[in-house]
Amino acid sequence: MLGHFTHHKTGKILPTIFCLMTLQSTRQFNEIELNRIAKLQRFLERGEEPYPTRAERTHTISQARAGFDSLSRQEGFDPGNSGLTATLCGRLRSKRAMGKLHFSHIEDGSGQIQLMLYGNDLGSDFLKLFEKDYDLGDFVQASGMLIISKTGEFSLRVHSLRLLAKGISPLPAAKEVEENGEKKVYSAFANREARFRERYADLAVNPNVRQIFRTRSKIVNAIRSFLDSQDFLEVETPILQPLYGGAAARPFVTHHNQLHQDLYLRISFELYLKRLLVGNLERVYEIGRDFRNEGVSWKHNPEFTQLEFYWAYADYLQVMALTEQMIAHVAMQVHGSTKVAYQGQEIDFAPPWRRWNLRDAVLEESGIDIDQHETAESLAAAMHAKGLHTEAGAARGKLIDRLLSDFVEPKLIQPTFLYNYPRDLSPLAKALPGHPNTTERFEGYVAGMELCNAFTELNDPLDQEQRFLELAEMYGKDDEEKHPLDEDYLKAMSYGMPPNGGFGMGIDRLVMLMTDQSTIREVLLFPHLRQNE
RNA sequence: GGCUCAUUAGCUCAAUCGGUAGAGCAGUUGACUCUUAAUCAAUUGGUUGUAGGUUCGAGUCCUACAUGGGUCACCA
């Protein structure tokens, strides 16, 4: 039967005869790929299945190594003839043909091992076949005896080997060579765009990338176990919401066909989790995805992973203490230390973190005392006197936020809690007793980056309604930032909500800090990218 | 969204003043029984992101677009 494959540049059709099946593809292949398809065809012609359904494996590579190590402590052990056999599976990462002896490395999820293939063991025909028809990137299954080579490397002396899966496309191959004592990388898969678009290849080729995501999993597990040990209940709340809220962000809109109803992808969990406090669940948390229809940057992705927890009968100072304990616990679980290297700086998460009153911070860094400026006009004038230009008609909260991000945030390298935020920046936070324009709110900053946000939650339904209405007035002019009034949330609060402290943290940013990554995309397996072509 | 830099072989990168597009790795062919992603010999591979323009001649200059990086804006 005739199959055909098209060359991507020349359009030349490669005719091939297939004995067992018809292969056909509308995809365009380059020369290397066509070459490998021809090899695949040779497997079929020999009656070998290039994609067998099942693999057999007796050990992972690290298990084989451990078994060998423990046996090697026995008396009379011959490392060149251990008698210990294993069947290992993995991906071919290197091949070195030495005539009648071939060396190769395979890699599985646990590590790498050298394969030694002797013509004497396998037959010179098979060795030739291994050289011709097996490529870097193919998955194989190899059986043999575990030994130490003459040069001292742990190896598998192979007595049989078969293909588990043929790779058609070459993996982006990196090559490091020592030249004059210097390590020279000839080819590393380093192009960020290509790496993110083909994350599978990135992961296959760059072990340090795999490590980031192992660490990420550890971090999330550490958070879960910490909160669970504090009697928090993990819950799940709707991602598709008829109304969105709990943060200032534009939502993604979607539509339910059967119900003829527009729905929003959540921008936060806050309003649903606090409904649970009304329902007498005292300590709840959720780890999940939020979606914000906003700009993309080194610290923003349209969807990101958020942790929020709500804690009845606690206030923001207790939340602050729990936060620093939790993050220190995560650092210990991940690094065995509270000290973490981040972008050339050492960050120490050990409690207590620095606590800095927001007014003091702004005063010290910008010279402006926000308490001396009760109105937006007055504050704007003070900022103009310092040579800062402000947007006409900006609210007082926006101006303070501006001072914060320009003067204070870049200075907050070691973990710091800024606390006591102005009321008009914090519509869901409770006012500080005796200070109606200040709320019991803090944000945690590390390496100049906002990591978390928490407050003593507002639980007065009448005050809450007032805040919503103020907000609607403040942002009502701008359609895109308009916030809907969540009447059901007010109804829930009307049944009585215990006083409580709430907390939110971007998990991706924490992972950045813990894995020394400078962009959020590096810690997302599949970061958002524009469509190509 | 603004500004700015980038896009060349499968991967990583060169290409002087606008004058024949190159290298390493991988690939292909051959040699080699302890190599370290070996070594030796030979060799293939390109519509230089896309579409226009200027020019005798464009990877190089101009315009637009696409994608990415950096940065600013936005993000209570």
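Here the structure is a predicted model, which means the values were calculated and not measured. In what follows, chains are A, B, ... by sequence order, proteins preceding strands, each numbered from 1.
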Candidate nucleotides [options], ranked by approach to the side chain of [X] - the nearest:
{"X": "A:Ala248", "options": "B:C11, B:C75, B:G10", "value": "B:C75"}
{"X": "A:Phe189", "options": "B:C32, B:U36, B:U12", "value": "B:U12"}
{"X": "A:Lys398", "options": "B:U28, B:C74, B:A37", "value": "B:C74"}

Problem set entry | Proximity to RNA chain B (any heavy atom under 4.0 Å), residues of residues 115-123 of chain A only | A:Met116, A:Tyr118, A:Asn120
Exercise. For RNA chain B, what are the stems built from at least three Watson-Crick or G-U pairs in a row, each pair having both distances below 3.5 Å?
Worked result: B:1-7 with B:66-72, B:10-13 with B:22-25, B:27-31 with B:39-43, B:49-53 with B:61-65
For nucleotides 68-71 of chain B, print each protein N/O atom paired with a nucleotide N/O atom at under 3.5 Å, atom names and distance only.
residue, atom, partner, partner atom, Å
B:G68, OP1, A:Arg530, N, 2.8
B:G68, OP2, A:Arg530, NE, 3.1
B:G68, O4', A:Glu193, OE1, 3.1
B:G69, OP1, A:Arg521, NH1, 2.5

Problem set entry | Donor on one side chain, acceptor on other, A:Tyr489 and A:Glu487, under 3.5 Å | no
Please name all residues satisfying side chain to side chain donor-acceptor pair (under 3.5 Å) with [X], sequence neighbours left out, ordered by chain then number.
{"X": "A:Asp460", "answer": "none"}
{"X": "A:Asp369", "answer": "A:Arg359"}
{"X": "A:Arg275", "answer": "A:Asp486, A:Asp488"}
{"X": "A:Lys39", "answer": "A:Asp135"}

Seminar exercise, completed: ring-ring contact (aromatic ring centres under 6.0 Å, His included) test vs A:Phe442 passes for just one of A:Tyr419, A:Phe417, A:Tyr421, namely A:Phe417
Does [X] put a side-chain nitrogen or oxygen below 4.0 Å from OP1 or OP2 of [N]?
{"X": "A:Lys132", "N": "B:U29", "answer": "yes"}
{"X": "A:Lys128", "N": "B:A31", "answer": "yes"}
{"X": "A:Arg96", "N": "B:U35", "answer": "no"}

Using whole Å, what does the distance between atom [atom2] of nucleotide [N] and atom [atom1] of [X] come to?
{"X": "A:Asn35", "N": "B:U44", "atom1": "CG", "atom2": "P", "result": "15 Å"}
{"X": "A:Leu136", "N": "B:C25", "atom1": "CG", "atom2": "C1'", "result": "11 Å"}
{"X": "A:Lys95", "N": "B:A38", "atom1": "NZ", "atom2": "C1'", "result": "14 Å"}
{"X": "A:Lys100", "N": "B:A38", "atom1": "NZ", "atom2": "P", "result": "20 Å"}
{"X": "A:Glu33", "N": "B:G10", "atom1": "CD", "atom2": "P", "result": "9 Å"}

Exercise. Does A:Ser94 get its side chain close enough to the base of B:U36, under 3.5 Å, for a donor-acceptor pair?
Worked result: no
Problem set entry | Qualifying residues under ring pair (Phe, Tyr, Trp, His ring centres under 6.0 Å), relative to A:Tyr200, sequence neighbours excluded | none
For this session: Can you sort out the partners of A:Tyr310 under ring pair (Phe, Tyr, Trp, His ring centres under 6.0 Å), two or more places apart, ordered by chain and number?
Result: none
Exercise. What residues form a side chain to side chain contact (heavy atoms under 4.5 Å, CB included) with A:Ala381, not counting sequence neighbours?
Worked result: none
Seminar exercise, completed: Per the O4'-C1'-N9-C4 / O4'-C1'-N1-C2 angle with a 90° window around 0, B:C17 comes out syn
Exercise. Mapping A:Glu294 and A:Ile147 to their closest nucleotides on RNA chain B, which lands nearer the 5' end?
Worked result: A:Ile147
Exercise. What is the nucleic acid contact for A:His102, judged by heavy atoms within less than 4.0 Å: base, sugar-phosphate only, or nothing?
Worked result: nothing
Exercise. Base, sugar-phosphate alone, or nothing: which one does A:Ala190 contact when heavy atoms must sit under 4.0 Å apart?
Worked result: sugar-phosphate
Problem set entry | A:Asp360: partners by salt bridge (Lys or Arg N to Asp or Glu O under 4.0 Å), with sequence neighbours left out | none
Problem set entry | For A:Glu198, salt bridge (Lys or Arg N to Asp or Glu O under 4.0 Å) partners two or more places apart | none
Exercise. Can you tell me if A:Ser155 uses its side chain to pair, donor with acceptor, with the backbone of A:Glu153 under 3.5 Å?
Worked result: yes
